[in-house]
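Residue numbers count from 1 along this sequence. Quick caveat, the model's predicted, so the values are computed rather than measured.
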Amino acid sequence: MDTERIILTDNWKFHYGECEEAWYKGYDDSAWEEVTVPHDFSVKAPFSKEFSSGTGYLRGGIGWYRTSIRIPEEYRGKRITLIFDGIYKNSYVWVNSYFLGKRPSGYAQISYDISDRASFGDDKLQISVKVVHTGIADSRWFTGSGITRKVSIMVSEKTAPAVDGIFFKCDSVETDGGRTLAKVSVRNELLTAEADSIVVSNIVLDEDGMTVLAMESEPVVPEGDTLVIDLSGSLNAPRLWSPDSPYLYTLETRITAGDTSYVADRKKVGIRTFSFDPDEGFFLNGESMKFKGVCVHHDGGCLGAAMKKEVWRRRLELLKKSGCNAIRCSHNPHMPELYDLCDEMGFMMMDEAFDEWENPKNKWSTGHNVYPPKHQGYYEDFPAWHETDLRTMVRRDRNHPSVILYSIGNEIDYPNDPYCHPMFSEMTGNNDKNKPAAERQYDANKPNMERLAVLAKELVAIVRDEDDSRPVTVAAAFPELSSRIGFIDEMDVVGYNYKEHLYEEDHKRFPNKTFLGSENGHSPEAWKIVEDNSYVCGQFIWTGIDYLGEAHGWPIRGSSAGFITTAGFAKEEFNVRSKLWGGEGLSEKETDEVSVELWKPELIRDASVDTEFVDDQNAIGYLYQILIKLPKGLLEKDIMAKVTGAGELAGIDNGNLSDLTPYTEDHRETYEGRLVIYVRRLSAGDIKVSVMELLSDKTELITTVKI
């Protein structure tokens, strides 16, 4: 049989708080709340000053999830893999009462082979997940809590690719006698079962589903359970991927074992070349190009961390109009659907692994830079888990043509946070506003920053072991010191955060290094430095979109650093940025009427890809977006949404980071005349949304939206 993927969106039960017996298959969860996944239980409670300002004044806690699914009897004897795209955090997973394991990371993909513990037919497979997020001052921005990303079950033959075991890359694009040839290679890492012989084929299909390249091998089946097969070939007259023309091929991996032939894997791939020159900067497909990038966090305002592809699509469409061509995934791996969209829509990506290594950063819990800080976070798990988490990220993302760079860390070299060095008797960093003078002094009892060079070398080696086709970078916060003690020595590309004044000097100090603005302010001057210096590859603005957390103090519960709000509306600065970057900008016609628009993306139908990879507005869990816009100068309105039929209200967001109305409410005031209503599909059928103005003593219908 061809490999199939079952998406587990509905029929989940949720319980907030500890429930020690919920791992048990026979446990009665009938009284639990019914939810759809992805799900974030942090945004399901009111904001409160008792929680951390860093994570947006929203709760954490312990949560339990349970679901059961019928796996057809004909799948017995197949390889069954349970895959979580992300659980924040400290997840514990059981199937049919059997404990599978724990994963501390809230951003890593988690997979378990459950072939020998699965049940089939009328005996349903039961999944239990415990989430422990009790230390909520564990980040400098909102994290969310729960099963915040997609869950799926992959069903395949016993001889099949390991999870993320297929690696496609374009080795070169060359012109020979008037012909253009793309030399490509595929590494097939297969898990094998008993078979006398197998044949492995990698087939490249164009957008019309036509075969343009076929590669095949008949390897000797090993005695062990892992087989690695490297295939290569040349593609004539390739269509190259770029931001302006993001052409995608499909790579199909077919296995023939005995008399059985099946499609073991199918994924989108792109063909492009790129290079970084220390003097001339970045080149894509041989053409000089600057990164016009934005940093983004993973939350979606009222949706929290339970983001959806369709919400990201609307955001990216807007970013495209600003002239943006690149995304930095700050500061951890994002949901896989974002990478798919960047492939489809033409955004280059900086994939980032960590914000913290083996020592904690200061976490502000009562306002930004307000002492004393707290020190919860990933550092507790870095020593035991960093290699697994980093390999997982690279293996998951290495087939995306959009991914150009891997960043192994963000601002790890904060001075005195906690590292220091005798080279500086006093050091000040980004988070020193209210830091006591004693903490800015060199202290021999604190960790020596030279340790970072040792860790950086190890992390770079891990990345290159999994993917040697992309450069490794880091986002440095204090290169005044860290660049002098070996921290950037192993980097292919050097990223500086807010250190434009060091480019010229450090370009001379490191003539073989390429420099990049990994994090920059919005000023025109910061962009002009990129424009005027060919050796600077580009910039990533902090940020493209507002986000929850990193709050400066109650009642502000998020950061307004973006030129797009959490509700997905452009700010006044948007067109300023567009002029700098050469984007088309945004112009809106003003009317005297309240505008109510059902936003629908253009659906993509692709003959070469299974429908599971295609946006489907009839799919359970799909989020519809209703955009409310008031005429300019009209007073703000309190808008209520009532949903009936086959959907439910998923949230209302206005982008106002001082609005403390709980995200679970069915109404919200417009902000600067704007508001978005999210409606989640629960089943097939019609959905009716009544959009009303909430007055002091009544409601007044504005319009009805039928879906």
Side-chain angles (χ1 to χ4, degrees), residues 161 164-189 200-208 210-217 228-253 265-277 281-289 291 325-327 339-351 394-406 463-473 492-493 514 537 606 608-609:
D164 298 319
I166 304 297
F167 178 24
F168 172 94
K169 61 180 178 177
C170 173
D171 298 309
S172 66
V173 175
E174 302 173 358
T175 301
D176 180 16
R179 285 197 315 159
T180 302
L181 294 175
K183 296 184 177 180
V184 301
S185 58
V186 184
R187 167 154 288 201
N188 300 270
E189 181 185 326
V200 179
S201 302
N202 293 131
I203 301 165
V204 180
L205 309 171
D206 65 15
E207 286 187 345
D208 297 321
M210 302 298 293
T211 299
V212 294
L213 177 63
M215 300 166 281
E216 186 174 283
S217 175
V228 177
I229 303 167
D230 291 315
L231 296 176
S232 60
S234 295
L235 181 64
N236 188 33
R239 295 278 301 275
L240 301 185
W241 184 95
S242 71
D244 292 333
S245 180
Y247 190 89
L248 295 175
Y249 292 90
T250 297
L251 177 69
E252 187 175 278
T253 300
D265 188 79
R266 183 185 284 117
K267 57 174 47 72
K268 288 289 193 180
V269 296
I271 295 174
R272 81 284 184 268
T273 61
F274 62 86
S275 62
F276 289 85
D277 184 274
F282 174 69
F283 291 81
L284 181 69
N285 299 325
E287 296 184 6
S288 178
M289 185 176 294
F291 291 102
N325 65 9
I327 301 292
Y339 300 73
D340 294 339
L341 281 171
C342 287
D343 291 344
E344 297 168 18
M345 300 176 68
F347 288 89
M348 299 175 289
M349 302 186 79
M350 180 193 295
D351 207 4
V394 176
R395 288 173 64 88
R396 187 196 73 169
D397 299 336
R398 61 188 177 178
N399 287 299
H400 290 283
S402 57
V403 174
I404 304 295
L405 287 157
Y406 294 121
V463 172
R464 289 177 178 157
D465 186 53
E466 294 291 349
D467 181 2
D468 61 0
S469 69
R470 292 175 174 89
V472 184
T473 189
D492 303 298
V493 176
T514 306
C537 297
D606 191 324
S608 65
V609 179

Taking [X] for its side chain and [Y] for its backbone only, find out whether a donor-acceptor pair lies under 3.5 Å.
X	Y	result
N188	I229	yes
N399	F168	yes
D208	M210	no
N236	R179	no
Y247	E207	yes
T473	V493	yes

With rounding to the nearest 0.5 angstrom, report the [atom1] to [atom2] distance, [X] to [Y].
X	Y	atom1	atom2	result
F274	M289	CZ	CE	12.5 Å
L405	C537	CG	SG	8.0 Å
D206	L213	CG	CG	12.0 Å
N202	R187	CG	CZ	12.5 Å
E174	L181	CD	CG	7.5 Å
S402	E344	OG	CD	10.0 Å

Between [X] and [Y], which heavy-atom pair has the shortest distance, and what is it?
X	Y	answer
S469	F167	OG-CZ, 4.0 Å
M349	C342	SD-CB, 3.6 Å
P471	I404	CD-O, 3.3 Å
S234	K183	OG-CG, 3.7 Å
R272	V403	NH2-O, 3.2 Å

Would you please test R266 and T253 for side-chain contact (heavy atoms from CB on, under 4.5 Å) and show each step? CA-CA 6 Å; R266 183 185 284 117; T253 300; over 6 Å; no
Aromatic rings F291 and F276: how do their planes relate, parallel, tilted or perpendicular, breaks at 30° and 60°?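 Rings of F291 and F276: parallel, as their planes differ by under 30°.
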Is any side-chain heavy atom of [X] less than 4.5 Å from a side-chain heavy atom of [Y]?
X	Y	result
Y249	P401	no
C170	T273	yes
W241	H400	no
I327	M348	no
L284	P243	yes
V173	I271	yes
R470	R398	yes
K169	D468	yes

Before giving the answer on salt bridge (Lys or Arg N to Asp or Glu O under 4.0 Å), spell out for R464 and D492 the whole-Å C-alpha distance, their side-chain angles and the decisive distance to 0.1 Å. CA-CA 11 Å; R464 289 177 178 157; D492 303 298; 2.9 Å; yes
Please assess D351 against Y339 for the test side-chain hydrogen bond (donor to acceptor under 3.5 Å, both in side chains), listing each intermediate value before the final yes or no. CA-CA 9 Å; D351 207 4; Y339 300 73; 2.6 Å; yes
